[in-house]
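As the structure is a prediction and not an experimental result, all values here were calculated from the model. Only this structure's heavy atoms are used, side chains among them; waters, hydrogens and symmetry mates stay out. As the structure lists them, so they are numbered: ligands from 1, and atoms in each ligand from 1.
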Amino acid sequence: MNHWMRVALPGLVTVGLLAGCDRGVDFDDEDEGQGRASRQAAPERAAAGGSSEADQVARERGLTPADVVAALKTYMPSGKHDEYVMFASGGHSGQVFAIGVPSMRLLKTIGVFTPEPWQGYGFGVGEDVLAGGDFEDMKIRWADTHHPGLSETNGEYDGQYLFIADKANSRVAVIDLRDFETKQIVKNPVAISDHGGCFVTPNSEYVIEGGQYGTPRGWEYASIEEYQEAYRGFVTFWKFDREKGRIDVSQSFAMELPPYWQDLFDCGKFESDGWIFGNSINTELATGNVDGKSPWFEAGVSQRDNDYLHIIPWRKAVEVFKAGKVEKMRDFAVITLQTSIDEGLLYFTPEPKSPHGVDVTPKGEYIVVGGKLDPHVSIYSIARIKKAIDEKKWKPDPYGVPVLDYDATKEAQVELGLGPLHTVFDEKGYAYTSLFLDSAIARWTLGGSYQALHKETPWKLVTKTNVQYNVGHVCAAEGDTASPDGKYFVALNKWSIDRFLRTGPLYPQNLQLLDISQPGERMPVLYDMPLGVGEPHYAQMIKADKLKAWSIYPEIGWDPHKQAVESTAPKAGGEGVTRDGDRVTIMMTATRSHFSPEHVRIRQGDKVTWRITNLERTEDAIHGFALPIYNVNLSLEPGETATFRFTASKAGTLPWYCSEFCSALHLEMMGYLLVEPAATARADAEDTESALVRD
Ligand code: RUQ
Ligand code: CUA
């Protein structure tokens, strides 16, 4: 470890503390390699001696040499930018988090399924987007976001769009990464719950949403006793129109599956291009302790030794959909199970009981399935799968779906430890799998064409790093693309016992950053990031320079929903209030530090259309617009125009104000909405001839 013995810190002279080696402290031990648990074993071995300021700080804070290295690797000096951005699902917050890596600083929470007042999402504008996810007359304003999926070109993140699914209500959202805003939410018309979404095809032609719990088709009712016949699983193919930046529901379709509780899905690439893979966890068709005698779900769904990996040639499914061989369910095209079987769209192969996670290797040859209740990961090869299909090496399942021979499709099994779940990859030919029960990350070697990258024994465990605790998903830099970067790895831990100051019985989640840049056995934990907003499930980490986010909207009067200039938007000089009967239109502009007009006089009962344009062309010159009682709060970004509507049912004198501290005179950036009570307004109206109210 001599290479870091003399490191220059910004603003400090060469750090003397790292010369501690010279004074007999052995830094080159396995502390650094094996995470915090073992590092804590030797806190007394804090950097010794030395006289520099850094040395003194390390000593006073009781930092070990490994701590100091971790700090040096993650510290981001003021004004410097992170190399990667990780998009993490927000779990039951319904949102998405953008986090800088390696600093692990939260850059933004993106409002997706849940209203978000700072972004003015769902408080005056954005309701139409949120309403896209409603079910009939039921307003749904939360979500359990699971798997974010960045748009891809040739199997690489292209930085244009992000998709995220809601497990609770089976919905999918589209986020435009030019402004990091949610543009669309679609409700799945046939499936009630999902899990395996979102995963995109290598050129984002389709956004895949895999189902979860078996349900009656089309949100209908059927008793639990009819499970086998009336319940089904689904996988949905949402057609993405990149030009429009929207999912085209009319070109989307679902495939009906047996009610096996489909779990995760992933898309093939290169050799496996045109295929998708999904696992399942209830081929037992268990229905829980419905009669007081049957096992609880937890035992009932784990009785068989095997479940089924689902193998679907999606391009072929698209052809079948385009040929019109579909049934309509709630106006949505569905390829029935029988059609899938007849057309060769669905195959199974056994996987160890109740597995979890299915991940395609970077070059697409292999599919890795986490054992969950089995200590192995099972690796299948697409070449073997194709061969088994060609040679018809199968037996039908009870629904008639061909189940391929396990040995014919399996490439390898690697024993990793307890509770293997999800796998990501690096550039060195290693795979990384979360071990939920072991609370560890396993690094293991891939075989086949990856062999040349590491020259170690293929399909073998290399090392494990402990994490705190109960790790679910994992994320590595570009770790599920065609060309992973390695370097950084994040464990998304479900529990955080003893890691942070206590915040009551609800603990934060713990996102732990690991350094995976060195081959072999060193894979140290660098940083703990508490996240107190919701439980992130999957995350994806993209090279920051691939993101081309706007600093201001391209033109004044920009409508972010259309991503185009709105020609009728309020302009400087065109401000005012006009009336047509009881319809009032307010044309307003905002700039530092005033709204124009500053007074709006209306009458109780008026139907109000309020439009505001932010005239600013300066980066970060945001104006808010907060209006009491009427539940309005906007975020007007430079150039943005917004329109909101309400009926002025409550009379009163309401001060509105700018809710972003935009200038020294921000407190003065306000105005009055004067809503005359109905009775007074009637009397006044008789006195007034003008229908035009000008401020
Ligand atoms: S899966 S529990 Cu991403 Cu591990 Cu949802
Ligand atoms: Cu504009 Cu504060």
Side-chain angles (χ1 to χ4, degrees), residues 87-92 96 118 120 143-149 163-168 170 193-199 208-213 261-266 278-281 354-359 368-373 377 419-424 433-437 470-475 480 490-495 509 534-540 588-596 598 612-616 618 620-627 633-638 640 642 655-671:
F87 291 98
S89 81
H92 23 37
V96 163
W118 169 57
D144 185 9
T145 57
H146 270 236
H147 307 102
F163 310 97
I164 181 101
D166 165 21
K167 165 166 166 148
S170 116
S193 87
D194 74 24
H195 194 196
C198 298
F199 296 92
I208 314 283
E209 183 197 10
Q212 174 102 91
Y213 304 119
W261 291 14
Q262 284 74 29
D263 197 30
L264 273 290
F265 273 84
D266 201 4
N279 60 315
S280 60
I281 53 178
S354 299
H356 194 61
V358 51
D359 296 286
V368 179
V369 172
K372 194 168 81 179
L373 300 184
V377 282
L421 299 184
H422 300 285
T423 301
V424 290
T433 301
S434 51
L435 302 175
F436 181 84
L437 299 173
N470 288 5
V471 56
H473 270 283
V474 291
C475 170
D480 62 5
V490 176
L492 301 145
N493 304 329
K494 306 292 184 189
W495 287 20
Q509 314 293 321
E535 181 193 282
H537 288 262
Y538 195 37
Q540 288 184 328
M588 180 175 273
T589 57
T591 192
R592 277 162 292 172
S593 302
H594 62 273
F595 293 102
S596 171
E598 285 192 319
I612 314 178
T613 302
N614 179 351
L615 302 176
E616 302 277 359
T618 305
D620 211 8
I622 317 291
H623 298 292
F625 180 85
L627 178 65
N633 189 50
L634 309 180
S635 168
L636 298 157
E637 288 129 42
E640 177 172 354
W656 78 71
Y657 69 98
C658 169
S659 50
E660 279 272 337
F661 207 114
C662 54
S663 72
L665 295 171
H666 149 83
L667 290 176
E668 289 78 357
M669 190 168 177
M670 62 83 66

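With a 4.0 Å heavy-atom cut-off, ligand 1 is reached by no atom of Asp263.
At atom 2 (Cu) of ligand 2, the vertex angle linking ND1 of His666 with SG of Cys658 is 120° (nearest 10 degrees).
The nearest N/O/S atom of Glu660 to atom 2 (Cu) of ligand 2 is O.
His195 NE2, 2.1 Å is the protein heavy atom nearest to atom 5 (Cu) of ligand 1.
In summary, no N, O or S atom of His623 is located under 2.8 Å from atom 2 (Cu) of ligand 2. Residue contact annotation: His422 places an N/O/S atom under 2.8 Å from atom 4 (Cu) of ligand 1. Residue side and main chain included, His356 places an N/O/S atom under 2.8 Å of atom 4 (Cu) of ligand 1. Under 2.8 Å from atom 3 (Cu) of ligand 1 lies no N/O/S atom of His146, from backbone or side chain alike.
Taking the six-membered ring where the residue is Trp, His147 and His195 present tilted rings, their angle falling between 30° and 60°.
Between the Asn493 side chain and the Trp495 main chain, no donor and acceptor come within less than 3.5 Å of each other.
Glu616 pairs with exactly one of Ile622, Thr589, Thr591 by the side-chain contact (heavy atoms from CB on, under 4.5 Å) rule, that one being Thr591.
In plain terms, the two heavy atoms of Leu634 and Ile612 that are nearest each other are CD1-CD1, 4.0 Å.
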